[in-house]
Amino acid sequence: MAKLSQASIDKRLNSHPEWTQTGDAIQRTFAFDNFVKAMAFVQTIADHAERVQHHPDILIRYNKVTLTLSTHDAKGITAKDFDSATFADQTFGG
Ligand code: H2B
């Protein structure tokens, strides 16, 4: 999986407006009504990560979950990161 060019990252970020680039990763924080709902989201994300063998860094702060996506093998951001971002957005959106 090839690392994306900065132009390609910028273009994909336009269609993922809630995500920001932080160096070699993309990041979004999701807010829930409570901790239980946040953890249910994390479990869905974890199941998907295992299925596709692409694992986000996950920070849980009570009702907020921050996902940080990067492709370590490529030492940068790849299409896999945006695929996982899309999955997280769709899970959050219902
Ligand atoms: N997750 C992430 N975020 N980046 C990777 O490069 C990566 C991964 N590599 N999960 C996968 C596992 C790789 O180590 C295995 C062999 O598929």
Side-chain angles (χ1 to χ4, degrees):
M1 178 75 43
K3 192 174 150 163
L4 297 172
S5 69
Q6 187 59 47
S8 178
I9 292 166
D10 290 344
K11 196 171 143 205
R12 286 161 195 256
L13 281 171
N14 281 334
S15 50
H16 292 82
E18 316 279 355
W19 292 78
T20 54
Q21 185 177 0
T22 54
D24 275 348
I26 55 172
Q27 194 170 80
R28 175 177 174 184
T29 298
F30 299 85
F32 298 87
D33 291 342
N34 55 52
F35 179 70
V36 171
K37 287 183 182 175
M39 290 307 294
F41 175 77
V42 167
Q43 185 63 63
T44 301
I45 295 300
D47 289 342
H48 177 262
E50 274 297 284
R51 215 156 44 234
V52 300
Q53 281 299 298
H54 195 62
H55 303 84
D57 290 356
I58 304 175
L59 174 67
I60 302 162
R61 280 198 180 122
Y62 178 50
N63 68 326
K64 293 194 181 76
V65 178
T66 301
L67 299 182
T68 303
L69 288 161
S70 181
T71 305
H72 314 130
D73 297 353
K75 297 187 170 61
I77 299 165
T78 67
K80 271 191 172 182
D81 297 308
F82 282 99
D83 289 349
S84 294
T86 300
F87 178 82
D89 286 349
Q90 285 169 354
T91 301
F92 185 70

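Note that the numbering runs from 1 along the sequence shown for the chain. First listed ligand is number 1; within each ligand, the first listed atom is number 1.
Of the polar atoms of Thr71, none of the N or O atoms is found under 3.5 Å from an N or O of ligand 1, judged by distance alone.
The protein heavy-atom contact nearest to atom 10 (N) of ligand 1 is His55 ND1, 2.9 Å. Taking atom 13 (C) of ligand 1 as the reference point, the nearest protein heavy-atom neighbour is Asp73 OD2, 3.8 Å. In terms of protein heavy-atom proximity, atom 15 (C) of ligand 1 is closest to Gln53 OE1, 4.2 Å.
Compare Lys75, His72, Lys80 by their heavy atoms: the one nearest to atom 5 (C) of ligand 1 is in His72.
Looking at Asp81 and Arg12, no side-chain N of the basic residue comes within less than 4.0 Å of a carboxylate O on the acidic one, giving no salt bridge.
Phe32 and Phe41 have tilted rings, their planes meeting at an angle from 30° to 60° on a 0 to 90° scale.
Side-chain atoms of Asn63 never come within 3.5 Å of backbone atoms of Asp33 as a donor-acceptor pair (strictly under, hydrogens ignored).
Within the 4.5 Å cutoff, the side chain of His55 has heavy atoms near those of the Glu50 side chain. Looking at Leu69 and Phe82, their side chains never come closer than 4.5 Å, going by heavy atoms from C-beta outward.
Contacts between Ser70 and ligand 1, counted as non-hydrogen atom pairs separated by less than 4.0 Å, involve the backbone only.
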